[in-house]
Amino acid sequence: MKQLTYRIKGQSVRIRVVETERDLPEFEEFIWRHEILGFDTETTGLDWWSEDFRLRLAQFGSESEAYVVPADLGQPFRGAVRNALERVPWLVAHNGGFDLHVVETCLGIPMEDLASKVWDTKLIAHLVDPRAVKERGPGLKLEELVKFYLDPVTAEEVKGSMTALAQKYKTTKEKIWPLVELFDESYLRYAGMDPVLAIRLFKLLYPLVPIRSKAQGLIGWEHRLAHVTAIMERTGYLLDVGYAEKRASELLLEQTKWEEVVKSYGIENPNSNAQLITAFTDLGIVLTKKTKKGNLALDDDVLQSISHPMAEAVVRARKASKWRATWFLKALEGRDAENRVRASINSLQARTGRMTISGTIAAQTFPKGSGYVRNMFLAEEDHVSVSIDFGNMELRFLAAYCRDPTMLDAFLNGKDLHQITADAAGAARNDGKRANFLTVFGGGWQALVAGGGIDEPIAKRVLEAFARTYPGVGVFAKKLSAEARRTGYVWTVTGRRVPVDPGKWFRALNYFIQSGSRDVTARAILELHKAGYSEFMRLPIHDELIFSFPKKHAVEMAREAARIMEFRVNGLLIPAEAEIGHRSWGSILDMEASKH
DNA sequence: AATTGTTGCACC
DNA sequence: AAACGGTGCAACAATT
């Protein structure tokens with residue numbers, strides 16, 4: 001048994017590393033002594049679905065003691081880890097969904113067997129304070145939380161030790177994981193400290209979760225939700241490789257063609273704004289639009305306004321290259337041996353709790369104009385793709401809680417809210433619609449003008465008409481802003497506490513609506529899980545869920561799933577409607593387009 | 001050469 | 001009286 005120590009805030013942490021079979025009884029004895037332990041794994045990477053993915057180390061820790069087990073050496077170490085996981089009543093892991101994927105694929109313990117005893121410090125931390133570091137919050141990553149709540153020196157040392165390790169092995173922090181020697185001392189120390197930090201964070205953060213959140217059962221709710229999204233991750237999405245490859249090469253041709261045009265004007269790289277700004281200025285074109293940091297902007301908007309053949313070529317070359325790399329190559333490179341791709345579904349991520357999807361399937365940002373990108377994702381054999389989305393979710397949510405009579409009446413009696421707003425201002429329906437959505441974001445007339453196609457007097461008139469027509473919205477927004485100014489927070493109906501930045505009190509309304517709507521989707525996912533729909537769910541996209549249903553039963557299943565998703569908030573129904581496509585996800589969009 | 005910041009762009 | 005909310009990622013540029 002190798003022994004290492006680590007000092008955190010003057011306290012000594014003992015890290016014991018199992019080296020041989022003879023060390024296992026002591027490890028097992030440690031496991032038996034504890035009711036709750038921190039847990040973490042070190043692996044060859046993050047791609048737990050890959051053929052060559054391996055579990056290297058498994059670590060268990062209390063607040064002052066950790067055991068590191070070299071699972072990569074095979075039996076009997078793997079069995080010891082398996083037994084420990086089954087024996088400990090409670091586990092604490094940071095972003096535990098990942099470790100459960102690892103344990104399932106590498107040790108054969110189904111996620112379902114462990115999920116109910118795992119506390120996830122990422123979820124707990126979010127309920128305490130959801131803000132990212134760049135929002136001047138604690139962040140959600142383990143290292144960030146350690147820095148903010150526990151000990152900045154430790155956070156710095158952990159980070160530093162990985163940088164040093166990467167240097168020692170002449171590689172990057174990203175690529176070090178499969179290369180580092182299993183018994184490298186700084187690797188073992190880093191590995192051993194992780195479960196210790198996780199359980200320390202858990203003990204510190206749990207009492208900081210607002211009483212209200214606990215009373216409304218949010219902690220358990222978020223853990224159950226994370227489990228269902230982990231099931232979606234495990235299922236993955238079948239990729240139409242032929243389709244994706246065809247589109248990728250088609251886009252490469254397109255990209256090359258327009259790059260040639262750009263080059264004919266002496267510009268090497270259409271993605272370099274610096275080169276382009278110089279070139280356009282030399283041509284006598286005056287650029288005025290600025291970026292957020294005050295530099296000259298050269299976005300699509302600016303390029304459209306330039307009447308020079310190079311401007312159009314730049315737009316086309318950039319678009320082809322972005323689409324090829326971001327959507328098609330990403331999916332092709334990330335696929336597994338069965339041609340499935342897996343998203344990383346972060347079930348509780350944004351400040352408002354909104355989920356994000358990162359990694360191989362950036363599903364939340366797929367172009368929606370046609371099925372061009374989404375066509376590469378297929379329902380299972382003999383299945384069809386189904387999308388079920390909530391109708392007018394955020395505006396209905398607003399109406400339900402602000403209780404404005406006109407707005408409520410519109411939704412209760414199937415009237416056209418956008419037209420009502422437009423009529424009140426004597427404006428076009430589309431301007432009414434934009435004003436309605438702008439209210440949800442908390443924007444003023446300037447934002448309406450910035451959106452284009454509307455000048456100042458009309459923008460002002462439409463927003464005045466909005467305020468006059470739905471006075472309840474303004475009253476409600478004021479109430480939330482005042483509360484935010486007083487307390488720094490807005491409380492959602494599920495008992496979630498959302499911090500509002502000082503001086504930005506107007507955002508309170510948006511946070512209330514956005515977070516509450518996210519919770520309606522979250523509820524839908526949990527109810528669908530209970531009803532046995534988990535294996536058919538593919539992805540959540542804010543107000544929409546994507547499914548693969550057996551062709552034979554698609555109509556009934558879609559109808560039932562939509563019924564399960566529908567939910568009354570404060571008495572007002574948020575309806576859900578299903579769209580059934582052919583086999584590819586994109587076919588849903590293409591069928592819709594051909595209808596109109 | 002690797003990491004970090006900036007910009008632009010895809011979406012709800 | 002004035003306030004446009006929430007994301008992730010590719011590529012380039014600047015920094016270390």
Side-chain angles (χ1 to χ4, degrees), chain A residues 130-135 159 162-163 166-167 170-176 268-277 289-303 314-315 317-319 321-327 329-330 343-346 349-369 372-374 389-390 392-395 398 434-435 437-451 459-460 463 477 481 490 498 500-501 503-515 517-518 521 539-544:
Chain A
R131 292 173 302 168
V133 173
K134 65 169 189 282
E135 300 174 303
K159 195 181 176 181
M162 293 324 296
T163 308
Q167 272 168 5
K170 297 194 189 343
T171 182
T172 66
K173 280 199 250 180
E174 255 174 30
K175 293 179 189 156
I176 186 74
E268 269 311 301
N269 187 353
N271 282 319
S272 168
N273 280 6
Q275 286 178 31
L276 290 168
I277 288 168
K289 188 175 174 180
K290 297 281 177 69
T291 68
K292 212 167 71 186
K293 294 279 170 187
N295 304 316
L296 282 177
L298 199 71
D299 56 15
D300 202 47
D301 186 44
V302 173
L303 288 164
V314 168
V315 170
R318 270 187 189 175
K319 185 163 177 149
S321 111
K322 172 171 174 148
W323 282 41
R324 173 171 173 268
T326 309
W327 320 122
L329 294 188
K330 185 92 174 168
S344 178
I345 305 173
N346 314 300
Q349 186 72 30
R351 180 191 292 232
T352 55
R354 264 199 182 178
M355 300 176 212
T356 65
I357 300 181
S358 53
T360 313
I361 317 176
Q364 287 170 332
T365 62
F366 284 164
K368 57 165 183 150
Y372 187 77
V373 169
R374 289 151 136 110
D389 68 333
F390 289 105
N392 276 316
M393 188 186 223
E394 296 200 326
L395 282 168
L398 169 62
R434 283 170 61 189
F437 284 120
L438 201 64
T439 306
V440 172
F441 297 151
W445 61 265
Q446 295 90 336
L448 212 49
V449 173
K460 282 181 172 166
L463 288 190
S481 303
V490 54
V498 185
V500 183
D501 289 349
K504 305 286 186 184
W505 312 121
F506 66 93
R507 291 178 181 167
L509 177 71
N510 175 260
Y511 290 173
F512 179 87
I513 297 168
Q514 190 182 111
S515 189
S517 299
R518 176 274 186 190
T521 303
L539 295 164
I541 305 175
H542 303 308
D543 63 349
E544 177 186 17

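Order of the sequence lines fixes the chain letters, A, B, ..., with proteins taken first and strands second; residue numbering starts at 1 for each chain.
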Between C:dA2 (C1') and A:L448 (CG): distance, integer Å: 15 Å

Candidate nucleotides B:dC12, C:dG6, C:dC4, ranked by approach to the side chain of A:K368 - the nearest: B:dC12

Distance between the P atoms of B:dC11 and C:dC4, in whole angstroms? 22 Å

Rounded to whole Å, the CG-P distance (A:L276 to B:dT6) equals 21 Å

Do the ring planes of A:W323 and A:Y372 sit parallel (below 30°), tilted (30 to 60°) or perpendicular (above 60°)? tilted

Let me know the distance between CG of A:N273 and P of B:dC9, rounded to the nearest Å. 8 Å

Once you round it to whole Å, what is the distance between P of C:dC4 and CD of A:Q514? 16 Å

Rounded distance (Å) that lies between atom P of C:dC4 and atom CG of A:L398: 18 Å

Interatomic distance, A:F366 CZ vs C:dC9 P [rounded to whole Å]: 11 Å

Ranking A:W445 and A:H542 by the position along DNA chain C of their nearest nucleotide, the one closer to 5' is A:W445

Report the distance from atom CG of A:D299 to atom C1' of B:dT6, rounded to the nearest whole Å. 13 Å

Are the ring of A:F506 and the base ring of C:dA3 both nearer than 5.5 Å at their centres and tilted by less than 30°? no

Polar pair under 3.5 Å, donor/acceptor by atom type, side chain A:K322, base B:dC9: yes

Donor-acceptor pair (no angle test) under 3.5 Å: A:R507 side chain, C:dC4 base: no

